[in-house]
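Only this structure's heavy atoms are used, side chains among them; waters, hydrogens and symmetry mates stay out.
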Amino acid sequence: MKAELAQQHSLLDLAGLDAELSRLAHRATHLPEQQRYQELENQQRAVADRIAVLALGLEDLDAQVAKLESEVDAVRKREDRDRGLLDSGSISDSKQLEELQHELGTLERRQASLEDSLLDVMERREELATEQAGEQAALDAVDADLASARQARDVALAEVEQARTDTTARRTELAAGVDAELFALYERQRTASGIGAGRLMGGRCGACRIELDRGELARITAAPADEVLRCGECGAILLRLTDS
Ligand SMILES: [Zn+2]
């Protein structure tokens with residue numbers, strides 16, 4: 001196949017645009033702004049999970065407080081009743097009096113023990129509530145960071161998309177000027193190996209970067225300038241062009 005030098009130059013420009021499109025495609029899926037956004041999303045989920053666990057803990061402690069309070073209340077009522085009986089002087093039997101006093105003593109100890117437990121639970125509840133408030137503040141901060149990270153991500157993505165649109169338009173324009181057969185060869189090669197054409201530089205193929213052997217180089221040098229050559233290693237269209 002033959003191709004005028006101008007056509008070969010167009011092919012080189014096309015390869016440049018395709019390389020740029022590959023870079024942009026990679027950039028779109030590896031945006032640091034997207035990574036930052038995902039990190040914050042993970043943080044948000046972790047904090048929200050901790051808050052949910054703390055809320056369950058608080059619910060449990062609230063139930064314990066309610067139970068202990070009702071127990072304290074019941075013991076107190078029983079004490080009041082016993083004390084009322086003692087004070088009324090209605091019981092004269094000494095054995096009955098002794099039993100009543102014994103029960104009152106037991107109730108007082110029970111009440112003291114319940115109140116200690118209640119205090120412990122309430123202290124624990126206070127700790128959890130403080131912890132929860134801290135986590136809530138952390139969540140609010142992450143939410144704010146996440147909102148600005150989302151915005152930064154969207155801006156970066158829009159920039160990449162704009163560049164892709166522009167580059168694709170330039171490519172379409174350029175491709176329209178390339179000989180159909182040459183373009184088809186370029187596209188086949190690009191589909192096969194990722195790079196359609198490369199410039200021969202310093203004895204290396206610009207597509208695969210492999211150094212060509214002396215025999216190959218001699219064959220290439222001897223070929224007419226408009227001869228379409230392929231790299232023996234990667235198959236890319238090998239362009240012998242000087243900057244002009
Ligand atoms: Zn090659």
Side-chain angles (χ1 to χ4, degrees), residues 1-49 137-202 204-210 225-226 228-231 233-244:
M1 196 193 294
K2 300 270 183 191
E4 289 169 21
L5 284 183
Q7 289 281 311
Q8 295 190 27
H9 273 290
S10 293
L11 227 48
L12 191 62
D13 291 344
L14 204 58
L17 291 178
D18 281 332
E20 177 64 12
L21 284 171
S22 297
R23 275 193 295 275
L24 290 169
H26 183 268
R27 179 156 168 69
T29 50
H30 295 78
L31 282 176
E33 289 87 352
Q34 174 64 23
Q35 276 173 22
R36 171 79 183 135
Y37 176 73
Q38 269 164 357
E39 275 167 25
L40 287 168
E41 236 183 8
N42 292 341
Q43 278 180 33
Q44 187 194 45
R45 203 171 302 125
V47 178
D49 285 351
L139 185 63
D140 292 346
V142 172
D143 282 346
D145 287 350
L146 196 63
S148 56
R150 183 187 294 118
Q151 203 177 8
R153 192 269 320 266
D154 290 349
V155 166
L157 206 55
E159 276 170 11
V160 176
E161 287 311 321
Q162 186 59 54
R164 285 173 95 169
T165 304
D166 294 348
T167 309
T168 303
R170 276 163 62 207
R171 184 188 194 275
T172 306
E173 203 184 319
L174 188 66
V178 178
D179 171 73
E181 205 188 336
L182 186 63
F183 182 65
L185 175 64
Y186 172 86
E187 287 290 70
R188 270 202 307 280
Q189 180 56 33
R190 190 171 69 89
T191 309
S193 75
I195 302 178
R199 182 191 230 169
L200 178 67
M201 278 178 90
R204 282 175 197 278
C205 162
C208 65
R209 312 271 167 197
I210 290 173
D226 62 350
V228 174
L229 300 172
R230 310 280 295 275
C231 166
E233 293 293 338
C234 71
I237 299 169
L238 210 49
L239 301 164
R240 295 158 294 161
L241 296 168
T242 47
D243 292 310
S244 57

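- Atom CD in E173 sits 12.0 Å away from atom CG in L14 (nearest 0.5 Å).
- Side-chain contact check for N42 versus E39: every heavy-atom pair is 4.5 Å or farther apart.
- Scanning all heavy atoms of the two residues, the minimum distance from R190 to R171 falls at NE-NH2, 3.4 Å.
- The line from CG of L182 to CD1 of I237 is 5.0 Å long, rounded to the nearest 0.5 Å.
- Of all non-hydrogen atoms in L239 and A197, the two that sit nearest each other are CD1-CB, 4.0 Å.
- For K2 against V228, the heavy-atom pair with the smallest separation is C-CG2, 3.8 Å.
- In this structure, the side chain to side chain donor-acceptor pair (under 3.5 Å) partners of Q34, at least two apart in sequence or on a different chain, are R153.
- Residues L139 and Q44 form a side-chain contact, since some pair of their non-hydrogen atoms from C-beta on lies under 4.5 Å apart.
- Between V178 and Y186, the closest side-chain pair of non-hydrogen atoms is not below 4.5 Å.
- For Q38, the CD atom is densely surrounded, since the number of other residues' heavy atoms within 6.0 Å is greater than 12.
- How far CD1 of I195 is from OG of S22: 8.0 Å, rounded to the nearest 0.5 Å.
- Side chain of E187 to main chain of G196: no donor-acceptor pair is present (N/O by atom type, distance under 3.5 Å, no hydrogens or angles).
- Here E20 pairs with R23 in a salt bridge; the nearest charged N to carboxylate O distance falls below 4.0 Å.
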In a table with atom names and distances, give each donor-acceptor pair under 3.5 Å that connects a side chain of residues 155-163 to protein atoms at least two apart or in another chain.
residue: E161; atom: OE2; partner: R164; partner atom: NH1; Å: 3.3
residue: Q162; atom: NE2; partner: D166; partner atom: OD1; Å: 2.9

Report, one line per pair, each donor and acceptor closer than 3.5 Å where one atom sits in a side chain of residues 145-152; sequence neighbours left out.
residue: S148; atom: OG; partner: D145; partner atom: O; Å: 3.1
residue: R150; atom: NE; partner: Y37; partner atom: OH; Å: 3.4

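- The 12-atom threshold is not exceeded at CE of M201, counting heavy atoms of other residues, nucleotides or ligands nearer than 6.0 Å.
- Between the CG atom of D18 and the CG atom of D13 there is a distance of 11.0 Å, given to the nearest 0.5 Å.
- Summarising the geometry of P32 relative to R27, their closest heavy-atom pair is CD-NH1, 4.1 Å, with the distance given to 0.1 Å.
- Rounding to the nearest 0.5 angstrom, the gap separating the CG atom in L238 from the CZ atom in R230 is 10.5 Å.
- In this structure, H30 and H26 approach most closely via the heavy-atom pair ND1-O, 2.7 Å.
- If you take CG on L12 and CG on L5, they are separated by 11.5 Å, rounding to the nearest 0.5 Å.
- A donor-acceptor pair under 3.5 Å links the side-chain atoms of Q8 to the main chain of A3, judged by distance alone.
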